[in-house]
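The model shown is predicted, which means the values in this text are computed figures rather than measured ones. Just so we're on the same page: letters track the sequence lines, and every chain starts at 1. Heavy-atom basis, side chains included; hydrogens, waters and symmetry copies ignored.
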Amino acid sequence: MARYAMVIDLDRCTGCRACMEACKVENNTPQAHFWMYVFRFEEGEYPNTRVWFMPRPCMHCDNAPCVKVCPVGARYKRPDGLVATDFDRCIGCRYCEVACPYGVNYFNWKKPERNHYIDWTDREAGAVLDPVTNGAVPPYKNPDLEKPYGPERRRIAGGGHLKGVIEKCTFCVHRVERGQQPACVANCPLYALHFGDLDDPGSRVSQLLRRRPHFRLLEEAGTQPRVYYLGGKPPGEESRQIEAVRARV
Amino acid sequence: MVTQVQPIPYGVGRFSAALVLVILLLLAVIAGGVYALYTQLTEGLVVTGLRDIGTMGGSAWGLYIAFDVYFVGVSFAGITTAALVRILNLHHLRAVSRMAELLTIISLILAAFSVLPDLGQPLRGIIYLFKYARPQSPFFGTFTMVIAGYLFASLVYFFLDGRRDAALCARRAGRLQWFYRLWASGYRGTAEERERHDRASFWLSLAILPVLVIAHSTLGFVFGLQVGRPGWFSALQAPAFVILAGVSGVGLLIVIAAIVRRVLGAHDRLTPEVFRWLGNMLMVLVAAYLYFMVVDWLTATYAAPSHEARISRAIYFGRYAGVYWTSVAALVAAFVLQFRQFMRQRYELSRIVLAGVLANVAAVGKRMLIVVPSQTHGALLPYPPGTYSPTWVEYGIILGLFGLGTLMYVVFSKIFPIIELPEEGVEG
Amino acid sequence: MRAFLTRLMVLAGLVFAATSFTLGLRLPIPGVPQLTAAPTGLPGEIPYLPVFFILGIMLMFLSAVVYELVPGGRNASPPVRPRPR
Amino acid sequence: MKISRRTFVKGAAAAGGAAVAGRVIPRGLETLVAAQRTTAPAVTEEWVPTTCWIGKQDCGMLARRINGRVVKLEGHPGNPLNRGTLCPKGVAQIIAVYDPHRVKAPLIRTNEKGIPGRWRQATWDEALDLVARRIREVRAKDPKLLVWQKGRSKGKAFYDEAFVKASGATKLHHGAFCSDAGYRACEYTVGMSGVLHPDFRHTRYLLAWGWNATNAGGNQLCWITWPQQLVAARERGLKVVVIDPRLRGAGPFADEWLPIRPGTDLALALALCHELIRQGTVDRDYLARYTNAPYLVAEDGFFLRVNGKEQVWDATQGTARPVDAPGVTPALEGAFTVGGRNVRTAFQVFREHVAQYTPEWAAEVCGVPAEAIRRVARELGEEARIGSSTVIDGVTLPYRPVAIMAYHVSQQELGFQAVRAMLMVMMLLGAVGAVGGQRVDVGGWSVHENFEKLDQIEIKDPPYNIYLKDSKYFPINSNNSAVVARVMLNPDKYGVKDRPEVLIVHMSNPLVAFASQPDLIESYKKFKFVAVIDPWLSETADYFADVVLPAATIEKYEGPSKASDQYVDGVALRLPAMKPLFQSRGDIDIYLDLCEKAGILYGKGGYLDHLNQALKLKAPYLLPLDRKPTVRSIFDRWARSEGISEGVAYFEKHGVKVKGPIPPEKAYGYATHPPFGGVRHRLYGEALLRYRQEMRQRGAAPLYWQDYTPLPTWRRPTMEESPARYDLYLISYKMIEFKQSRSSFIPLLAELAPKQRLDINPQAARQRGIRNGEEVWVESHNALTGETRRVRVPVHYTEAIRPDTVGLPHHYGLWSHPGVREQGPTANALYFTGEGYVANTADQSFHVKVRVYKGEER
């Protein structure tokens, strides 16, 4: 059984947020949902200013507070390390969300057909688009998200973003089980993101972690994250976020 | 020959015009709540002021959870008083024990109802909680202990305690006779039955008290166990919850007792003695809670880690200062009121009631302050601080719940004596 | 005869209570150690187990009712509806 | 559960047979059932290659197509430009493809111009007929009165060349808003068409001169390619010195930051030259052999010529001899007397010229510490390793691992000379065309025709054409559409006789994208007829189009586009990832039909004929001139003519044709035969002096010719003449989220940066009592006309900008798309164009003095 982890090289990140967009398109996430988010930081005072960037996926913790608190086992830890959300099981209590120290959970506040960027139910637009899209919402809807995954055969890839259930980064389970990299990793223009199996000493992630010093976010919280950062340092009180994305639904 | 039996006292079965008006009013309030709930069910929780923690800069839990905690808290007082009355033989408080028990049962039902609208999938919530509930989740304790243990135990206690009066009521012919008979379930008041009931209720009380503590503690754990939420993660949560529960519960009981005393003119049963006792109980609990708050404040200001500090800043001086200081003021006032009466040993009903009201105002405020700030200002990663202000939907649903509770209370008091029937006249 | 039936009832009730209670305990007992451990693998859950647990607790309290309503022992006398003298 | 509008409606109806009943049953309760529904049915899935349509370099893409519907665009792993990745825009454009607010059918205007348009849908035939008729009419009068405004249109061969030539239209660029001042400087100085960029694989010391590395592209390539090379180079030990008023652009990749005052880059470059010469870190061999540094300059500033030949001083013989005399060993320095005339070598002149530009002086001008300038000069001198050489693919070449990356920085009033001065820094170090040294054109080292053209311009007397070609105002001319606007408003002033009448705007949005918005809006009223080819209703179309022709986005054939990252060469095509949505059509289809209807498609000199030349088609693949080909067949012929036997099918299969690594002989100036294509680089710009004099003779005002100096010469930028209360410099910049004005309506991107904001240093803000996020007025001032312009924007605190400078991103200020109304103004509403705010090459300056205040004060 693989032990998946993500390694993020802060020395390479240009803060372009392409990973955020790759995630959004791959997973058709609703507006203002950022399963992957990129912080942009500024430190120090002119002219001794420093600018740096930090991507923030779900940490897929080994000791995940969200898994512990889930009252119905909708949020669960897979043997391969992925922290999954069964959207058929979730009752929408958002306990996982308040329990998570990293703020990676997003709740479907709206109905799916109202939850996307453009009102795809708009009659005029729909009329023209339907012949191509067969009424899919959004038109670039990814069918893989509906399917069940893992030996447990549970639907954990986000699906149609059902109203009233919680969601978060799935490490693109639908791609990983197909042997692909998560969308953000695959797309990173600077190859700052890496994904792989810690049990395989030959994997890129294992090599990087052997070769270079690294840290994990909020390790002191005992969550044992599966996301490692190379270079740089964790953000502190001195790190001012600039160009924050404040999107609300 | 049949002795002429007087009608059941305490306004049972008598409906004045004013009462009908009150009931209609309550029904209107409930209807409002139902409409709000309908809007939410169709549109989703987007109609509330709740939003995601983190980039969305919101609060995932709000009014619903705060009032759920509040209602569970209120339920504390009822059954405790009843149990204490039984265990410590505080006979002078027997008069309020039924009111207390009823308060417990109704507020527990309201608590259950106030969680449902918070769920994104209420129907799943009802089914899946019974189907998949996990003990690892603090919800499990709240859910099983409170609903199953606590509510059911109270019902049992309530039922057994009411049999005697039911039997008495059953003597009168009337539309509800079948109901009284059913409740009395063959109670005749023989010495043997009384002795049986005594023993049963004694053990029941003993069994209920620990369940009670567990239930309220687990509710505290729901927050206290969250390492990811500065301001929540604390061993103090559980005990503090129990105490604040007492404060709000006893407070509300005082208010209800006073109302009943006024409406039913039951001055002979609800004596100043009763209120003095409740008042003192409230004073002690408030004092204990104030102590908790001081400890809390010291820890938060003396050597708080930066994240804790951010929250306390928001609470003491920032966005939430208004709510916080109002609650503090209310608590202090409640305490001072009671303490002065206690020292002088001269009690005034109005003052005690005022204290009860203040205590509940403070309780509601504190519940909000426990739930919200840690979400809006407790981010461990440098997200910008969030905001939360409830919408009409949330207020509507909560009001509706209060309406429902009051209605249940009123209706019950009209079909069953809300105060234990006096000893005399038992044998008619 | 009636007394015998009631006894039978009580017995059946007790047996049911015991079974459901022990069944129900299968939930918290393995659950408790997991409170401290890090969650691993998939949740091995038996559907509707919580119902048994809740039932167990309820029946525990219900026994009080049984105790009061069902007169047992020597001085058992058939329940008589209260009748105005 | 599969939520589609149809099933959704069904569900609602089903729940009780009527919509009413559907509403009675709250959908919140329905979901439990819904969740149990089975998953989506099996689908046909395929990956089809195409290229990105948003940016300038056409990154390779693979489109994931399910049942004929594109659901995702991913980077093409085989394309050297982006190597399997995409920028945020590239990823997000998928939602734009399906944007219901695209122009769905040809539109014809029904209301007057200059206000938001009202439209009626027309058939393609009707719309094209209308445009074709206008083209016919105007061409009958004078083809030059037909103007073709180039924007981010691809397929140069089809539009810029074939159509413009076939129609005889006047072509307007957008380069004057990009980096054309730098292009002209490089073309004139070293004969390479491009701006400055390093040889990232070998460079060890980089001056990132106003390079917005983490947000914008660089010389000739889009964003992805350059950062990839930068980061890789830094991991190999590259040191990066950022010269920029704003640090944000360089992000974490700055080893040192010189926060230079806007508009003073020329001064800093001159000071670096001064230091390099003082240090003696000068590549004399390069200067003597490959530049005009040894040429003898007479006192009048012109080269000493003996029967037309430039002379050098032969050090061994102690006489002046022709530069190409056999065995001549030219002296680099010194003053001599030849035939009674005092002459100095060009280098001597340069040396004496820069003697005044000391670091201390520059420190004053640029607001950068003198010791920092000294240190950088010293490090440059050391890192250049003058005299050293290395072997690349078996070729021994000079090794000078120092370079400059400069791009949009060239768009300032002194831009032309500033970039020339930057080049001179590299020329002194002998880094031009050396390994690890200065590069200019990613395509390889081939001398551009402008090297001669810009040297041989014949300045004419009026009448001039619309962009003042060969005029006494801007002899070297980058064809600035904003200047054109001013000319149209006042033709007589510039000696322009007749105004153009018909305008075709292709994938361009001048009203928002080009500087000096008010001028543009006014001037566009003067066009009699405007046709716009665009997938969206651009603001330009909204206000002025008579006809809008809906172009497709990625659903079309277009190209061919270069796929070279300066190390590996390749070529790619844009291929339709699916059928054009709505009634939109591929641009090339539109041009074919338009030309046919306008009667300029067939025969000699027709569109097809010019297309044959533009695509360099060889027999037997030449397009027949008598029948209209399909677009696919054109590319098929082109591919086969390029020697790709499978024809276009090859691209439909692979997307990109990788030609392999670029050999040193093509990449490095030193390696070409002869080196540098046999030209001598122009340290000394004799022609510039000639132009200066001719302009004076023709009576042009000093501000036109003052910067035509043989050697870059510092002067205070015109904007400095603004009153003291305009105490801040406004600069503008690009954000990674958007591409120019062409993507801020893409909701996925707009969400990341929803609003215009003014970057300001907290120190400067507090002095003015401005809180972070507070709305302020930004008021710009034209130092020559006294005109002021202002916009209202919220401020954004940042410590990464000079306290005397404020910054506004481009991209905003759109209004026609429903998604952009709240975004705020464009920076172009504040900039001025024309005298004082363009370079001597008519290139737009994006610098202006502004003041920032809260209240209504005015």
Side-chain angles (χ1 to χ4, degrees), chain B residues 1-3 5 127-138 140-141 143-145 147-157 159-160 163 166-168 170-173 180-181 184-190 192-193 196-205 207-208 211 221 225 427-428, chain C residues 2 6 10 13 17 20-21 23-85:
Chain B
M1 56 164 297
V2 176
T3 54
V5 286
I127 298 169
Y128 289 174
L129 274 176
F130 285 102
K131 199 168 172 189
Y132 301 114
R134 299 166 62 248
Q136 296 90 325
S137 168
F140 183 80
F143 170 61
T144 55
M145 288 299 161
I147 306 305
Y150 191 9
L151 176 55
F152 187 73
S154 317
L155 280 168
V156 167
Y157 193 97
F159 166 70
L160 294 179
R163 281 177 75 207
L168 290 172
R171 290 184 180 179
R172 287 99 172 144
Y180 298 125
R181 282 188 182 154
S185 56
Y187 186 88
R188 288 184 308 175
T190 64
E192 189 252 358
E193 273 178 323
R196 232 175 222 283
H197 174 60
D198 268 16
R199 218 181 298 129
S201 56
F202 177 78
W203 288 109
L204 207 47
S205 313
I208 284 176
V211 174
F221 289 144
L225 296 179
E427 306 310 330
Chain C
R2 182 198 228 104
T6 47
V10 179
S20 63
F21 194 56
L23 252 177
L25 283 179
R26 283 203 46 193
L27 200 55
I29 285 173
V32 166
Q34 287 184 44
L35 289 175
T36 49
T40 47
L42 303 171
E45 59 201 7
I46 308 167
Y48 294 112
L49 213 47
V51 178
F52 284 94
F53 181 67
I54 293 164
L55 230 52
I57 302 175
M58 287 183 168
L59 287 163
M60 194 171 68
F61 289 108
L62 205 61
S63 55
V65 179
V66 177
Y67 170 79
E68 262 199 64
L69 260 59
V70 184
R74 281 182 296 92
N75 50 6
S77 48
V80 189
R81 250 198 279 100
R83 207 184 302 104
R85 267 188 246 135

Which value, rounded to the nearest 0.5 Å, describes the distance between C:Leu59 atom CG and B:Phe152 atom CZ?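 That separation rounds to 7.0 Å.
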Say you draw a straight line from CG of C:Leu49 to CZ of B:Arg134; how long is it, rounded to the nearest 0.5 Å?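 The CZ atom of B:Arg134 is 13.5 Å from CG of C:Leu49, to the nearest 0.5 Å.
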Chain C heavy atoms under 4.5 Å from B:Tyr157: which part of the residue, side chain, backbone, both or neither?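 For B:Tyr157, there is no contact with chain C at all, as no heavy atom is under 4.5 Å.
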Against chain C, label B:Leu151 side chain, backbone, both or neither, depending on which of its atoms sit under 4.5 Å from a heavy atom there.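 For B:Leu151, there is no contact with chain C at all, as no heavy atom is under 4.5 Å.
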Atom of [X], atom of [Y] and distance for their closest heavy-atom approach:
{"X": "B:Val156", "Y": "C:Val65", "value": "CG1-CG2, 3.6 Å"}
{"X": "C:Phe61", "Y": "B:Gly149", "value": "CE1-O, 3.9 Å"}
{"X": "B:Ala133", "Y": "C:Pro50", "value": "N-CG, 3.5 Å"}

Do C:Ile54 and B:Phe130 have side chains that get closer than 4.5 Å, going by heavy atoms?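 Yes, at least one pair of side-chain atoms sits under 4.5 Å.
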Go through the structure and list residues passing side chain to side chain donor-acceptor pair (under 3.5 Å) with B:Ser201, not counting sequence neighbours.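 Residues passing side chain to side chain donor-acceptor pair (under 3.5 Å) with B:Ser201: B:Arg86.
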Partners of B:Ala200 by side-chain contact (heavy atoms from CB on, under 4.5 Å), sequence neighbours excluded?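 B:Ala200 satisfies side-chain contact (heavy atoms from CB on, under 4.5 Å) with C:Tyr67, C:Glu68 once adjacent residues are dropped.
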